[in-house]
Amino acid sequence: MKGIIQPNHVSKNNFELQVIGLPPIIFTEVGDIGEQIDKVDLPDRTRASGGTKQAGDFTAMVPSHHDVEVAAMESWYKEGQDPVAPTYKKSGVLIKKGIDGSVIRTYTFIGLWVSERNMTAVSLENEGEMDAIEYLFNFDDIIPTT
């Protein structure tokens, strides 16, 4: 692989989510963030673009012992519950950094909100394994900004 990877490649473990009104959130894991354009099936059995992007979602894991981040996530999750706060949808930026710490790629989320919280399974067999909380995020749009 030497010579194939360009300098300052983006590793999969150097990222953070910055959301307006919250402290920076460092997840231990972020699921796939897919985007899709609506498709139309034509009478000739071919497909064409419907022109509009669909809303999307993704999951992310927060370590249970990260008190500040968990408190921020819980507060945000509650904003989407009845009575729904007018601020439950937020804007945020997922920042991916190079191995030298510089910002390489950013993705801006529009209409980002939390719709689900899952506390991961626990077991006496897991000696020292880190406990985490999984959140399901929804977004109206994602825009690459770098």
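Predicted model only: the values in this text are computed from it and were never measured.
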Report summary line: Taking every heavy atom of Tyr135 against every heavy atom of Arg117, the minimum-distance pair comes out as CE2-CG, 3.8 Å
Query raised in the report: Any idea how Phe137 and Phe27 line up, ring-wise: parallel (<30°), tilted (30 to 60°), or perpendicular (>60°)?
Result: perpendicular
Requested in this report: Specify the closest pair of heavy atoms between Ile104 and Gly98, including all atoms of both residues, with the distance to one decimal.
Outcome: CG1-N, 3.2 Å
Query raised in the report: Do the side chain of Asp44 and the main chain of Thr46 share a donor and acceptor less than 3.5 angstrom apart?
Result: yes
Query - hydrophobic_cluster_shared for Phe139 and Leu136, side chain cutoff 4.5 Å - result: no
Query raised in the report: Do Gln81 and Tyr77 touch side chain to side chain, with heavy atoms closer than 4.5 Å?
Result: yes
Query - Distance in Å, Thr145 OG1 paired with Phe109 CZ, rounded so as to fall on 0.5 Å steps - result: 10.5 Å
Report summary line: For Ser64 and Val70 the tightest heavy-atom approach is O-CG2, 3.9 Å
Query raised in the report: Less than 4.5 Å apart, any side-chain heavy atom of Leu17 and any of Leu112?
Result: yes
Requested in this report: Taking atom CG of Asp41 as the centre, report whether more than 12 heavy atoms of other residues, nucleotides or ligands fall under 6.0 Å from it.
Outcome: yes
Report task. Give a yes or no on whether Met61 and Val30 share a hydrophobic cluster (residues Ile, Leu, Val, Met, Phe, Trp, Tyr; joining criterion: side-chain heavy atoms under 4.5 Å apart). Result -> no
Requested in this report: Return the minimal non-hydrogen interatomic distance between Ala132 and Thr120, and the atom names on each side.
Outcome: O-OG1, 2.8 Å
Query raised in the report: Hey, does Glu16 have a side-chain heavy atom less than 4.5 Å from the side chain of Lys97?
Result: yes
Query raised in the report: In this structure, are over 12 heavy atoms from other groups packed under 6.0 Å from Lys89 atom NZ?
Result: yes
Query raised in the report: Rounded to the nearest 0.5 Å, how far does CD of Gln54 lie from CG of Asp141?
Result: 12.0 Å
Query raised in the report: Do Val19 and Trp76 come within less than 4.5 Å of each other through their side chains, counting heavy atoms only?
Result: yes
Report task. Enter the distance from Lys90:NZ to Leu22:CG here, rounded to the nearest 0.5 Å. Result -> 6.0 Å
Requested in this report: Indicate if Val84 and Trp113 have the same hydrophobic cluster label, given that clusters are the connected sets of ILVMFWY residues with side-chain heavy-atom separations under 4.5 angstrom.
Outcome: yes
Report summary line: Minimal heavy-atom distance between Ser49 and Ile37, with the atoms involved, is OG-CG2, 3.4 Å
Query raised in the report: Is the shortest heavy-atom distance from the side chain of Ile133 to the side chain of Met73 under 4.5 Å?
Result: no
Query raised in the report: Any side-chain heavy-atom pair from Leu94 and Ile142 closer than 4.5 angstrom?
Result: no
Query raised in the report: Of the non-hydrogen atoms in Asn138 and Ser115, which two are nearest, and what is the gap between them?
Result: ND2-OG, 2.6 Å
Query raised in the report: Does the Thr28 side chain pair with the main chain of Pro63, one donor and one acceptor, at a distance under 3.5 Å?
Result: no
Query - Main-chain N/O of Thr59 paired to Glu134 side chain as donor or acceptor, under 3.5 Å - result: no
Requested in this report: Can you establish whether the number of heavy atoms outside Lys78 located under 6.0 Å from its atom NZ is more than 12?
Outcome: no
Query - Ile143 CD1 to Lys53 NZ distance, which is reported to the nearest 0.5 Å - result: 6.5 Å
